[in-house]
Amino acid sequence: LWKKELTNILGIQYPILQAPMAGGITTSELVSAVSDNGGLGMVGAGYMTPSQLQNQIKDIKKRTQRKFAVNLFVPNEFYCTEKEMLDGYKLLEPYRSLFSLETYNPEVMPGEKARKMFHDQINVLIEERVSIVSFTFGLPPKEILTLLKEQGITIIGTATTVQEAVFNEKMGVDAIVAQGSEAGGHRGSFQENEDSGMIGLMSLIPQIADSVTIPVIAAGGIMDGRGIAASVCLGAEGVQMGTAFLTCHESGAHPIHKEAILNSSEENTTMTKAFSGKWARGINNKFIKDFQDKQHFLPPFPVQNTLTKEIRSASKARNNPEYMSLWSGQSPQLAKKLSVPELMEELIRESEKLLNK
Ligand SMILES: Cc1cc2nc3c(=O)[nH]c(=O)nc-3n(C[C@H](O)[C@H](O)[C@H](O)COP(=O)(O)O)c2cc1C
């Protein structure tokens, strides 16, 4: 049932990918448990320094012999003047005083620095011989892709439209994540007009599957065997699940974040740019509501993300769910408090039952 191109190129038993989730969620325990149970554990390394990434890779290798993957954010070109940055900072001042945070002079982070860090992350992956790498927010330049290919590394890209999927295939990517608008966290979009699109997974899978020859991995709102079976029926060979793994015991998500998902309904998530300057889906809270009408004036990613960092951390530290990002897909009602082996067992049993019918 599962022996197809995707499981073959990734070297895994079941085509169930634990979504990379940047920000401390994808602990070594989580990643290794998913891989050890036949799926693919993935590290969300987007915000990690090269040395943090290297340490975690070493730690995972001690825990599992199986394959795992690392996901990186492709640095975007952004434009933000000193004034735009200061205006953005001013909007955040009331929240800084709420948490008694000291004022500081924000500085525009040069894009050069982000690109340097990205190159250093890539070098760590090569040095540590990580065999599968995934990208979101676009693809790195051809030279980097070629370098990874020369090392025998399998590359996974992310697409939110058919056009983005076709671009990924042309660039030589080995498999593509079709990320529907149901998905929790940041949209991987890099070509769509940021205010348009929002294509749901049921539309996206078959249209991408018809347009590329590489295996398609479905992502967005998939929480159980029904979602896996439906994705396969629509033309995907596998799935990438974030929210479902976030509430597992092994995940490093803040307890407040886990509880928020476990207590939410499908009506509680919304799209926002408030936390990072890039569209992302999370559970609605005070901070998102306050910025509802100001989203178009905020500094771009990653500037806004840097500006809100201390506020998000302070909110977390005080167990206050109102000022931290509570990323979640659109199916929180299906989230469960389980261990990874329990969740994997359920996913495989349910999807096999449906697909063997
Ligand atoms: C908390 C959280 C963090 C995420 N971080 C990343 C990330 O670092 N890189 C990435 O490619 N996708 C990230 N995503 C998106 C996932 O890859 C995936 O598209 C999404 O989780 C699918 O929707 P679901 O949460 O309903 O399963 C994140 C999702 C969540 C919920």
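Counting starts at 1 for both ligands and their atoms, in listed order. FYI, side chains are in, hydrogens and waters are out, and symmetry mates aren't considered; it's all heavy atoms of this structure.
In terms of the side chain to side chain donor-acceptor pair (under 3.5 Å) criterion, Ser331 has no residue partners (sequence neighbours excluded).
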Quick check for students: name every N or O atom pair between ligand 1 and the protein closer than 3.5 Å, with distances.
| from | atom 1 | to | atom 2 | distance (Å) |
| --- | --- | --- | --- | --- |
| ligand 1 | 5 (N) | Pro20 | O | 3.3 |
| ligand 1 | 5 (N) | Ala22 | N | 3.4 |
| ligand 1 | 8 (O) | Ala22 | N | 3.1 |
| ligand 1 | 9 (N) | Asn71 | OD1 | 2.9 |
| ligand 1 | 11 (O) | Asn71 | ND2 | 3.3 |
| ligand 1 | 17 (O) | Gln240 | NE2 | 2.9 |
| ligand 1 | 19 (O) | Gln179 | NE2 | 3.0 |
| ligand 1 | 23 (O) | Gly184 | N | 3.3 |
| ligand 1 | 25 (O) | Thr243 | N | 2.9 |
| ligand 1 | 25 (O) | Thr243 | OG1 | 2.5 |
| ligand 1 | 26 (O) | Gly221 | N | 2.8 |
| ligand 1 | 27 (O) | Gly242 | N | 2.9 |

Give the table of side-chain donor-acceptor pairs shorter than 3.5 Å for residues 229-242, with sequence neighbours excluded, one pair per line with atom names and distance.
| from | atom 1 | to | atom 2 | distance (Å) |
| --- | --- | --- | --- | --- |
| Ser231 | OG | Gly227 | O | 2.7 |
| Glu237 | OE1 | Glu5 | N | 3.3 |
| Glu237 | OE1 | Leu6 | N | 2.8 |

Tabulate below the donor-acceptor pairs under 3.5 Å that side-chain atoms of residues 165-173 make, not counting sequence neighbours, or state none.
| from | atom 1 | to | atom 2 | distance (Å) |
| --- | --- | --- | --- | --- |
| Asn168 | ND2 | Glu164 | O | 2.9 |
| Glu169 | OE1 | Thr213 | N | 3.3 |
| Glu169 | OE2 | Thr213 | N | 2.9 |
| Glu169 | OE2 | Thr213 | OG1 | 2.4 |
| Glu169 | OE2 | Ile214 | N | 3.4 |

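Taken to the nearest 0.5 Å, the CG atom of Asp120 stands 10.5 Å off from the CG atom of Leu53. Separation of atoms CG (Leu338) and OG1 (Thr247) is listed at 7.5 Å; rounding is to 0.5 Å.
Nearest heavy atoms, Ala22 versus Tyr47: CB-CD1, 3.6 Å.
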